[in-house]
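Read the structure below first, then the notes.
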Amino acid sequence: MNLQTLFIVCVAVLGGTALAAEPQAASRAGDEGLVAVQSRNLDELYLRPNADLAAYRKVLIEPVRAEVRSDWQKNLNYTRNVSRWVGPEDAKRMAAEAAASLESIVTQTFKARGYEIASAPEPGVLRLSARIADLYVNAPDRYSPWNTKTFTRDAGQATLVLEARDAVSGALLARVVHHGTAGEISRINPASDVANRFWFDTLFKRWASDCIAEFEAGRNRP
């Protein structure tokens, strides 16, 4: 029995509203005493005036939370044969895997920059709370009786949020909101779960490094 090979090119075109996971971030930041600061690599950066983030050399990393974009399942199934449909369990699995990956990468990236990973709140510790909003994977693997090859311009998108607080006082010192694309958008690439993980991990590593660079940029910048 011959197997058909189906070539699917998935190009995700997202409007500005699709990525607006934090539409009131600026207003919320102002209410909490933060001010917007221009960043070269991050979409939105808010800092507490006169807070010396560079003085913190220990971080307490909280468990990362992740949520798949609400229309992901509907949009993806609309373009797929029923044999390759995704369901709520696929969304939960993707969110859990992305959260675990980001938590590991944040920990590794801060350690590589000389930070000590704390296990409990104490003076001089910065508590980091990261989350992934609107996770959207363009072409997750799904078993099919057909021999299927999928190509995409990017693995997907996610909104990455990080809040930094003094671990003892709980004072909010910084908030980062960044809308990132995972993948190489200059060309069409074969898609698979392995490729998806690689590109999302690359996005997470770059974002974590950019956050550290902003935190270390110096005091009194706002």
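Residues take their numbers from the sequence shown, with the count starting at 1. The shown structure was predicted, so the numbers you read here are calculated from the model rather than taken from an experiment.
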Note, Ile61 side chain near Ile117 side chain (heavy atom, < 4.5 Å): yes

Spacing of Leu102 atom CG and Arg131 atom CZ [to the nearest 0.5 Å]: 12.0 Å

Path from Val125 to Val59 over hydrophobic side-chain contacts below 4.5 Å: no

Flag for Tyr136-Arg69: side-chain donor and acceptor within less than 3.5 Å: no

Test log, rule salt bridge (charged side-chain N to carboxylate O under 4.0 Å, His left out), inputs Glu97 and Arg93: CA-CA 6 Å; Glu97 290 177 351; Arg93 174 181 56 81; 3.6 Å; yes

Leu173/Leu126 under side-chain contact (heavy atoms from CB on, under 4.5 Å): CA gap, chis, key distance, verdict: CA-CA 9 Å; Leu173 305 179; Leu126 192 66; 3.8 Å; yes

Arg127/Glu163 salt bridge by N-O under 4.0 Å criterion: no

Exercise: identify the closest heavy-atom pair between Pro121 and Ala167: CB-O, 3.5 Å

Between CD1 on residue Ile132 and CG on residue Leu162, distance to nearest 0.5 Å: 12.0 Å

Close side-chain approach of Ser119 to Leu60, heavy-atom, < 4.5 Å: no

Asp166 side-chain N/O to Ser169 backbone N/O, donor-acceptor pair under 3.5 Å: yes

Residue pair Gln108 / Lys205, side-chain heavy-atom distance below 4.5 Å: no

Donor-acceptor contact present, side-chain Asp134 to main-chain Val68, <3.5 Å: no

Any side-chain heavy-atom pair of Asp210 and His178 under 4.5 Å: no

Student check: side-chain heavy atoms of Ser101 and Phe204 closer than 4.5 Å: yes

Heavy-atom closest contact (Leu135 atom, Ala158 atom, distance): CD1-CB, 4.2 Å

Donor + acceptor pair across side chains of Gln157, Thr181 (<3.5 Å): no

Heavy-atom pair with the smallest gap, counting every atom of Tyr115 and Lys58: CD2-N, 4.2 Å

Heavy-atom donor-acceptor pair, Arg48 side chain to Leu172 backbone, under 3.5 Å: yes

Heavy-atom donor-acceptor pair, Thr109 side chain to Ile105 backbone, under 3.5 Å: yes

Over 12 foreign heavy atoms within 6.0 Å of CD, Glu67: no

Reported OG-to-CZ distance for the pair Ser129 and Arg165, which is rounded to 0.5 angstrom: 7.0 Å

From CG (Asn196) to CG (Asn138), nearest 0.5 Å: 8.0 Å

Close side-chain approach of Thr202 and Phe198, heavy atoms under 4.5 Å: yes

Heavy-atom neighbours of Arg65 CZ exceed 12 at 6.0 Å: no

Glu216 with Arg113: basic N within carboxylate O range, under 4.0 Å: yes

Point-to-point distance, once rounded to the nearest 0.5 Å, from CG of Asp201 to CZ of Arg206: 11.5 Å

Arg175 side-chain N/O to Tyr46 backbone N/O, donor-acceptor pair under 3.5 Å: no

Donor-acceptor pair, side chain of Asn75 and main chain of Trp72, under 3.5 angstrom: no

From CG (Leu128) to CD (Glu103), nearest 0.5 Å: 11.0 Å

Side chain proximity check, Trp207 to Leu42, heavy atoms < 4.5 angstrom: yes

Residue pair Gln73 / Asn77, side-chain heavy-atom distance below 4.5 Å: yes

Whether Phe110 and Phe215 hold their rings parallel, tilted or perpendicular, with breakpoints at 30° and 60°: tilted

Which atom of Ala99 lies closest to which atom of Ala66, heavy atoms considered: CB-CB, 3.9 Å

